[in-house]
Amino acid sequence: MVDDNELARLRDIATPAPDAEARARALTAAMSAFDGQEEISRVTQGSAAGLRLTERAKGLWRDIMQRKLIATPTIAGLVALPIAGYAAFHLLGEAPARFEADGKVAQAPAETSQTQPPPVELDKQKKADAESKVATAPLVEPVAPPKPEANATTPATQAAPADAMQQETATADMQYGGATSAAKMSAAPRGGVLPGVETRLMVQPAPMPVDPLQSQVENRDRIQSFKTNPVHAAAEDPVSTFSIDVDTASYSFVRRSLREGILPQADTVRVEEMVNYFPYDWKGPDSASTPFNSTVGVMPTPWNPRTKLMHVAIKGFDVKPAEQPRANLVFLIDVSGSMDEPDKLPLAQSAFRLLVGKLRPDDTVSIVTYAGEAGTVLTPTRVAEKDKILAAIDNLQPGGSTAGEAGIKEAYRLAQQSFVKDGVNRVMLATDGDFNIGQTDDDDLKRLVEQERKTGVFLSVFGFGHDNLNDQMMQTIAQNGNGTAAYIDTLSEAEKILVQDASSTLFPIAKDVKIQVEFNPARVSEYRLIGYETRALSREDFNNDRVDAGDIGSGHSVTAIYEITPKGSGGEQIDPLRYGQAKLDNGGVANADEYAFVKIRYKLPNEDVSKLITTPVTPASEVESFDKASVDQRFSVAVAAFGQKLRDEDAMAKFGYDRIAEIAGAARGADPFGYRAEFLSLVRLASALGGGK
């Protein structure tokens, strides 16, 4: 028999330094002790079969909070009180908590096993305790540690190393919904025990099944909502006005959603950004004096035999590398805690490394970061010192809140400090858009960038990540900062935007570009603009040079498509007016054979007075069948159809993904970078996710 006083002495001694050999002996002794008391209780240990009442209360509270059953803090407080009372009441009735050697609270045994074990089994237990005593014989009793104060961490805990066993415990915590006992927070070091706590080896319980609803992460993306453009009667409203849009963010966002097996939300699909994502071989201008050329065509509509498509294409002048002006760029990089994801800050760093490799030695780069506050990481530095720039990019680390406004102001200040006259002066913002310090309202940020663009410094925005993406804010500041907005979800996309399309991304050839189309009611009964809902302008805005609009970069192509209903085709959706309907025929009506008249206004990058380009749309621009339209026209129409299909628009109700894929496949043409092949794969994915409809 072992002396009880000796056992008490061994129990109360402080933990020795970790020793692998002693740890092995202790584990052997513990297993022997476990084998010796197997007959005490045959109740399965663990908590997978039935949660304790405390865990039920925690689970109920987690369900309420994660599933947003409580809408306001006030209601949350009212609900929390009865839950707390419920848990406290039943906790008082439960058996006293028992702690295991690893610090876990032991599962309460069934009532049938709560009686004292027979004397024979007690003898076995004492024998196992004696073996444990022998195994730990080398331990030396040190001075007794002082009694810890309430809520204080014990010295043993402070010295405890983080080992593999503790990591396994942390993993188990995650499996159990994050519930952590007080004993576990003060776990003993390797090979040791907690003074005054009953110890017994416990079988690791099986992981609890995960509730799929609880595992879903709340999607906090901020996307601007909008309604699809309506059909207009040409006799009542013959003029359509909008700003061009060369952004491509929507296409990348849609691609990511489809690759993750999810059909995109309708508001994430901006059809014009889908169409303008692809390079097209539209005819460009012959010289930089006229920054772009427009091409207009009319063709039958693939999804409606009673309507036609009026296709307006713009191609910007492609500035040769030798003629490109010097670039003064400020990389404004969000390094807040929300950017601590592989597809956020690390991807942004790789993207900017690619861009630095594209710049010329006499270009200038500065780097500003922001988290809780803004700071300058790199003062204006010539690209000739590339290693210095790349080192500054590589050393960025995430953490903190998001003072986006302060970062934007500091970036503009640096851009002005190294301003290049007749050059490119641009802030390039990389963020998930999660501004939460300073000016966070979209209108306030809009006014800020509007004021700064007057100085000649433009701003482009590159979005990263998802589930927290503030696309609405990014679109707002890019549109009003005379820049572009793109979404980078892969390194390949970064290479497309910052390497392949670097000229159009960095070097503007025209700003405030607006399009206005007047339809001839003698030839067109109805029309609707496909896309550009967020870029609509009032009719009077077209001639107002103070109204901001989109910009075109070197070599940029812009496409706009109208679906028009020829007069007398029988495809009208709007009933004619009963009273006061205008009677139009060829007698006395000028230009009666034209479908429409297209007007484009633009400003040169360093000018404030707009210029005008006009193009009449006549039967000479029309082809008799859709197949006779150019390859680029047909492919762009397929993309427009795909965007409308994803938005579930009425016009596409009977037009399937298979037909879209057929048109795009036949019009794939030259595809050196595989963009069009990728598009076809996305159509197939959407078809599978949508049931092939």
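Computed from a predicted structure; not experimentally measured. In what follows, residues are counted from 1 in the order of the sequence shown.
- Without hydrogens or angle criteria, Lys511 side chain to Asn482 main chain gives no donor-acceptor distance under 3.5 Å.
- Remark: Thr228 engages Arg647, Glu649 in a side-chain hydrogen bond (donor to acceptor under 3.5 Å, both in side chains) (not counting sequence neighbours).
- Across all non-hydrogen atoms, the minimal contact from Ala549 to Val513 is CB-O, 3.5 Å.
- Heavy-atom minimum distance, Ile663 versus Arg634: CG2-O, 3.7 Å.
- For the atom pair CG of Asn480 and CG of Leu445, the computed distance is 10.5 Å after rounding to the nearest 0.5 Å.
- The nearest pair of heavy atoms linking Val427 to Ala411 is CG1-CB, 3.8 Å.
- The backbone N or O of Phe458 lies less than 3.5 Å from no partner atom in the side chain of Arg426, so there is not a single donor-acceptor pair.
- With a 6.0 Å cutoff to the six-membered ring centre and a 45° limit on the axis angle, Lys496 does not count as a cation-pi contact of Phe673.
- Proximity of the aromatic rings of Tyr277 and Phe679 is defined here by a centroid distance below 6.0 angstrom, and this criterion is not met.
- A donor-acceptor distance shorter than 3.5 angstrom exists from the side chain of Gln349 to the backbone of Ile393, with no hydrogens or angles considered.
- Under the 4.5 Å side-chain criterion, counting only non-hydrogen atoms from C-beta, Trp282 is in contact with Thr559.
- Remark: Arg676 is positioned above the aromatic ring of Phe635, its terminal NZ or CZ atom under 6.0 angstrom from the ring centre and at most 45 degrees off the axis.
- Note that CG of Leu685 is 12.0 Å distant from CD1 of Ile262, once rounded to the nearest 0.5 Å.
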Residues Leu359, Leu329; criterion side chain to side chain contact (heavy atoms under 4.5 Å, CB included); working and verdict = CA-CA 10 Å; Leu359 299 175; Leu329 306 179; 3.8 Å; yes
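- Here CD1 of Ile515 is found 9.0 Å from OG of Ser240. Values are rounded to the nearest 0.5 Å.
- Between the Glu273 side chain and the Ser250 main chain, a donor and an acceptor come within less than 3.5 Å of each other.
- Expressed to the nearest 0.5 Å, how far CZ of Phe317 lies from CD1 of Ile552 amounts to 13.5 Å.
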Criterion side chain to side chain contact (heavy atoms under 4.5 Å, CB included) on Asp671 and Phe278, from CA distance to verdict = CA-CA 10 Å; Asp671 188 23; Phe278 299 90; over 6 Å; no
Could you walk me through whether Val275 and Ile530 pass the side chain to side chain contact (heavy atoms under 4.5 Å, CB included) check?
-> CA-CA 10 Å; Val275 173; Ile530 299 175; over 6 Å; no
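- In terms of heavy atoms, Phe642 sits closest to Leu682 at CZ-O, 3.9 Å.
- Scanning both residues, Thr307 and Pro566, for their nearest heavy atoms gives CA-CD, 4.2 Å.
- Asp334 contributes no side-chain N or O that, together with a main-chain N or O of Ala430, makes up a donor-acceptor pair within less than 3.5 Å.
- At a threshold of 4.5 Å between non-hydrogen side-chain atoms, the residues Gln265 and Phe253 do not count as touching.
- Between the side chain of Gln224 and the backbone N or O of Thr534, no donor-acceptor pair lies under 3.5 Å.
- A side-chain donor-acceptor contact under 3.5 Å links Ser336 and Ser338.
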Any chance you could lay out the salt bridge (Lys or Arg N to Asp or Glu O under 4.0 Å) test for Asp471 and Arg270, step after step, and finish with the verdict?
-> CA-CA 12 Å; Asp471 176 78; Arg270 294 184 286 269; 3.0 Å; yes
Can you check side chain to side chain contact (heavy atoms under 4.5 Å, CB included) on Phe352 and Ile367, steps first, answer last?
-> CA-CA 10 Å; Phe352 281 121; Ile367 301 178; over 6 Å; no
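- Using a 4.5 Å heavy-atom threshold, the side chains of Leu429 and Leu332 count as touching.
- Looking at heavy atoms from C-beta onward, Glu452 lies out of side-chain contact with Ile408 at the 4.5 angstrom threshold.
- Between Leu347 and Ile488 the shortest side-chain heavy-atom distance falls below 4.5 Å.
- Side-chain atoms of Lys315 and Lys283, non-hydrogen and from C-beta on, never get closer than 4.5 Å to each other.
- At a threshold of 4.5 Å between non-hydrogen side-chain atoms, the residues Asp432 and Glu341 do not count as touching.
- Relative to the ring axis of Phe655, Lys645 does not place its NZ or CZ within 45° and under 6.0 Å from the centre.
- Taking CG of Leu345 as the reference point, atom CZ of Phe464 lies at 9.0 Å (rounded to 0.5 Å).
- The closest donor-acceptor contact from the side chain of Tyr251 to the backbone of Glu272 lies at 3.5 Å or more, if one exists at all.
- In this structure, Gln516 contributes its side chain and Arg539 its backbone to a donor-acceptor pair below 3.5 Å.
- Annotation for Asp394: atom CG counts as buried by contact number, over 12 foreign heavy atoms lying within 6.0 Å.
- Here the side chain of Asn276 pairs no donor or acceptor atom with the backbone of Thr248 at under 3.5 angstrom.
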Check the pair Ser525, Thr565 against side chain to side chain donor-acceptor pair (under 3.5 Å), reporting the backbone distance first and the verdict last.
-> CA-CA 6 Å; Ser525 295; Thr565 305; over 6 Å; no
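- For the pair Val449 and Ile477, the tightest heavy-atom approach, listed with the atom from each and the gap, is CG2-O, 3.8 Å.
- Heavy atoms from other residues, nucleotides or ligands lying under 6.0 Å from CG of Asp648 number 12 at most.
- Rounding to the nearest 0.5 angstrom, the gap separating the CZ atom in Arg659 from the CH2 atom in Trp303 is 11.0 Å.
- Looking at Arg447 and Glu450, no side-chain N of the basic residue comes within less than 4.0 Å of a carboxylate O on the acidic one, giving no salt bridge.
- Under the 3.5 Å distance criterion, the side-chain polar atoms of Ser630 are matched with a main-chain donor or acceptor of Gln633.
- Between Arg453 and Asp551, none of the side-chain N atoms (NZ, or NE/NH1/NH2) sits under 4.0 Å from a carboxylate O, so this pair counts as no salt bridge.
- Counting only residues at least two apart or on different chains, the side chain to side chain donor-acceptor pair (under 3.5 Å) pairs with a member in residues 678-691 are Arg255-Glu678, Arg259-Glu678.
- Two residues are said to be in side-chain contact when any heavy atoms from C-beta on lie closer than 4.5 Å; Leu529 and Tyr527 fail this criterion.
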